[in-house]
Asks: 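There's a structure below that I have some questions on.
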Amino acid sequence: MAGKRKTNPAGSTNSYRSDVLRVLGVLKVATADQIQRISTPHLSFRHADKPIPSKRKQARTASHTGALSEMRKHGLSENGGSTDTGDSLRNLTTKGLETASWELRRPATEMGSTARGAGSSGASHPMAVNETVIALLRPKPDLGKLADDPPHVRAAAQAAVDTAPGIGTIASCWTEVPLPATGTWNAPGKGGAQADLVLTAPQDGAGLLFIEVDNCHETAEELVANLEKYARFFRRTVKDTDGKERPMWRTRWMASEDRYGDVPHPPVLLVFNHIGARNPNRTILRLQELTRHLWQGEWQREGYHLYDGKVPIVVVGLRNLREHGPTGSVFFRFGRDRPQPLLEAIGNPRREAADAREAEEWRVRQEEYRAQVRKAAREQAAKQAVEAAREVAQREARRPVCAAAEETDWGRPVDTHLTLCDTCKHHALAAAGQPADAYQSHGLDHQAQGERDFWRYPNRPVCAECRTPFTDERWKAVNRTGWGPVRMERRPTLCGDCDQQYVTDIRQAWPGTTHQEPEQDQEQTLPEQKAGGTWLSRFRR
């Protein structure tokens, strides 16, 4: 046929084949209508102008129908019967599941079976699971792909975008997942359960959720037996890669652990699709009483329950789920008195509120403590500043009063600024109103004089013999050193009387002798040497 491609004669593109692989890799069996509603929801609005519903369905599913036809020729998919409404069921082959594992980034061992023969009885249960997936995901149309469509099409798509959001994507789902109470994941033993659907959407607040879909054909006792298998699987522990024992389900899925020892099991959501003969309302009441030991928590005085080791069980009708989505208050959790949104029903909002109050109280206490610390630090700093100022004032009070010079008893100036340098003396004199050359006027500027006087006794000495203070004349006589023009006193430690007594005692001790002390300022006469002689000539005389 002219214009047709040999490899893809139906005209499909790689994107549509990828949609089919991703959807059937998760759901295992589905119709072209379900594949289109999950992967490309914008097509539902593009062909809304067709006169009858069958024409609209045929138009919006044509692309995926063509992709399924080409994949069937390549051995990737096959027809699996039809539903009660006459829609064709499609499923992947083993080769198709291997290809889908690449699209979903999952190991081939986690892809499950091919669901061959599921449509022989109409596949009512798989179809209910698929509708549950669509109701939870609530796929939104891509408005960018409708930019060239008429305004009424874009308005209808915008209205769909503005509705309540869903949870997760098709890659967040697993169907027909074995939960082995014995055996392994790939070879489960007897006594285990099989989850209809597992949803992991931590980005939307649903870390891990197990879902069971009931078409109202099973009794409450049969549902209880299935939930007991769930509880048995949740309690099973295996040795992890680090050598520690952990719940088996944690080795495959990630989920956060609650605080304070409250570690509940993952929640189980029961979706009732009322197509069977049993009344779901009566079944739910009976089921709640029979499973009380599985879900009932312990009441805490803080106003919430602890569900350590318990299984949160939540129920909802498929019709309400389709209409309101996960954010609608249509989810009833066993043990609570009113319906809630899904995230609140599987969580513990009272516990979260109590934790928030405790955190706020702790924050307030910490802020008060920090304020007290800051206040104490300010008070301590102020106290230290006052003490420092007091010490400075006391030190200044003990500082000697700086005066220019004082006269001694005999008129010689004495410097009273013994602890001040020349610069400080200059400033002290200026502050006292005295001339800056006060020291020069009293003869105390020793450096300007070219020589330096050293004072032996700055204070009035006492006689070493009789302990009598020196007179002014005696003090003046012994106070100077022998470096100047004044002769140095022979016995400067004795007063005048004791000095005379010393001379008298010497004369009495050696009578008839003349005691004469040499003058220190006279030069000693060197022996005469003969001219031309050597120093040895002195010994030749």
Side-chain angles (χ1 to χ4, degrees), residues 5 8-50 52-72 74 76-77 79-80 83 85 87-92 96 99-100 102-105 126-127 129-173 175 197 199 201 204 322 325-326:
R5 290 169 291 182
N8 300 323
S12 67
T13 61
N14 290 333
S15 62
Y16 291 119
R17 291 193 296 275
S18 176
D19 293 341
V20 173
L21 289 173
R22 290 171 61 85
V23 174
L24 290 183
V26 173
L27 303 183
K28 304 301 186 298
V29 59
T31 64
D33 173 67
Q34 292 173 337
I35 295 173
Q36 179 268 317
R37 288 159 57 195
I38 294 174
S39 59
T40 55
H42 67 280
L43 295 179
S44 300
F45 303 92
R46 177 172 294 172
H47 303 285
D49 55 347
K50 294 296 187 291
I52 55 178
S54 60
K55 293 292 184 180
R56 291 194 292 270
K57 179 185 291 188
Q58 182 180 1
R60 60 186 173 84
T61 60
S63 299
H64 292 94
T65 301
L68 286 166
S69 178
E70 291 163 357
M71 291 174 61
R72 182 181 179 185
H74 296 156
L76 299 178
S77 68
N79 293 335
T83 64
T85 58
D87 294 327
S88 297
L89 293 173
R90 310 299 178 98
N91 63 274
L92 297 178
T99 307
W102 290 95
E103 291 289 338
L104 294 171
R105 301 295 190 271
M127 293 300 100
V129 173
N130 295 350
E131 293 300 324
T132 300
V133 171
I134 296 174
L136 288 172
L137 302 182
R138 296 178 74 85
K140 303 294 183 181
D142 187 356
L143 298 179
K145 296 181 179 181
L146 299 175
D148 298 331
D149 288 88
H152 68 277
V153 174
R154 296 197 300 271
Q158 184 64 52
V161 171
D162 295 337
T163 57
I167 294 179
T169 63
I170 188 62
S172 305
C173 301
T175 58
L197 176 63
L199 177 66
D204 295 326
R322 284 174 177 170

Asks: So, for I38 and P41, which heavy atoms are closest and what is the spacing to 0.1 Å?
Replies: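 Answer, listing the atom of I38 first, then P41: O-CD, 4.2 Å.
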Asks: To the closest 0.5 Å, what do you measure between CG (D149) and NE2 (H42)?
Replies: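 With rounding to 0.5 Å, CG (D149) is 8.5 Å from NE2 (H42).
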Asks: Mind listing the closest non-hydrogen atom pair of P139 and I134 along with its distance?
Replies: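 Heavy-atom minimum between the residues: CD-O, 3.8 Å.
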Asks: At what distance, to the nearest 0.5 angstrom, does CD1 of I35 lie from CG of L68?
Replies: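 One finds 5.0 Å between CD1 of I35 and CG of L68.
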Asks: Looking at D204 and G168, what are the two nearest heavy atoms and their distance?
Replies: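 Minimum heavy-atom contact is OD2-N, 2.7 Å.
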Asks: Testing the basics here: between T169 and L137, what is the closest heavy-atom pair and its distance to 0.1 Å?
Replies: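 Reported closest heavy-atom pair: O-CD2, 3.5 Å.
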Asks: Quick one: closest heavy-atom pair of F45 and A160, and the distance?
Replies: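 In terms of heavy atoms, the two residues are closest at CZ-CB, 3.4 Å.
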Asks: Please walk me through it: do Q58 and K55 pass side chain to side chain contact (heavy atoms under 4.5 Å, CB included)?
Replies: CA-CA 5 Å; Q58 182 180 1; K55 293 292 184 180; 4.3 Å; yes
Asks: Hey, could you give me the CG/CZ distance between L43 and R56, rounded to the nearest 0.5 Å?
Replies: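 Between L43 CG and R56 CZ, I get 14.5 Å after rounding to 0.5 Å.
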Asks: Could you give the side-chain donor-acceptor pairs of residues 20-34 under 3.5 Å, partners two or more places apart or in another chain?
Replies:
| unit_1 | atom_1 | unit_2 | atom_2 | d |
| --- | --- | --- | --- | --- |
| R22 | NH1 | E103 | O | 3.3 |
| K28 | NZ | G25 | O | 3.3 |
| K28 | NZ | V26 | O | 3.3 |
| K28 | NZ | M111 | O | 2.9 |
| T31 | OG1 | Q34 | N | 3.2 |
| D33 | OD1 | R60 | NH1 | 2.5 |
| D33 | OD1 | R60 | NH2 | 2.6 |
| D33 | OD2 | R37 | NH1 | 3.1 |
| Q34 | OE1 | T31 | N | 3.4 |
| Q34 | OE1 | N130 | ND2 | 2.9 |
| Q34 | NE2 | E131 | OE2 | 3.2 |

Asks: Just jot down the side chain to side chain contact (heavy atoms under 4.5 Å, CB included) partners of Q158, sequence neighbours excluded, or say none.
Replies: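 For Q158 the side chain to side chain contact (heavy atoms under 4.5 Å, CB included) partners, ignoring immediate neighbours, are L143, V161, D162.
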Asks: Quick check: closest heavy atoms across T163 and K140, and the distance to 0.1 Å?
Replies: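 Heavy-atom minimum between the residues: OG1-NZ, 2.6 Å.
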Asks: Look at the side chain of R138 and the backbone N and O of R322, then say whether any donor-acceptor pair between them is shorter than 3.5 Å.
Replies: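 A pair under 3.5 Å: yes.
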Asks: So, do K57 and D87 sit near enough that their side-chain heavy atoms are less than 4.5 Å apart?
Replies: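 Heavy-atom side-chain distance check passes, below 4.5 Å.
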Asks: Would you say that more than 12 heavy atoms from the other residues, nucleotides or ligands in this model lie under 6.0 Å from the CZ of R72, or not?
Replies: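 No, the 6.0 Å shell around CZ holds no more than 12 heavy atoms from other groups.
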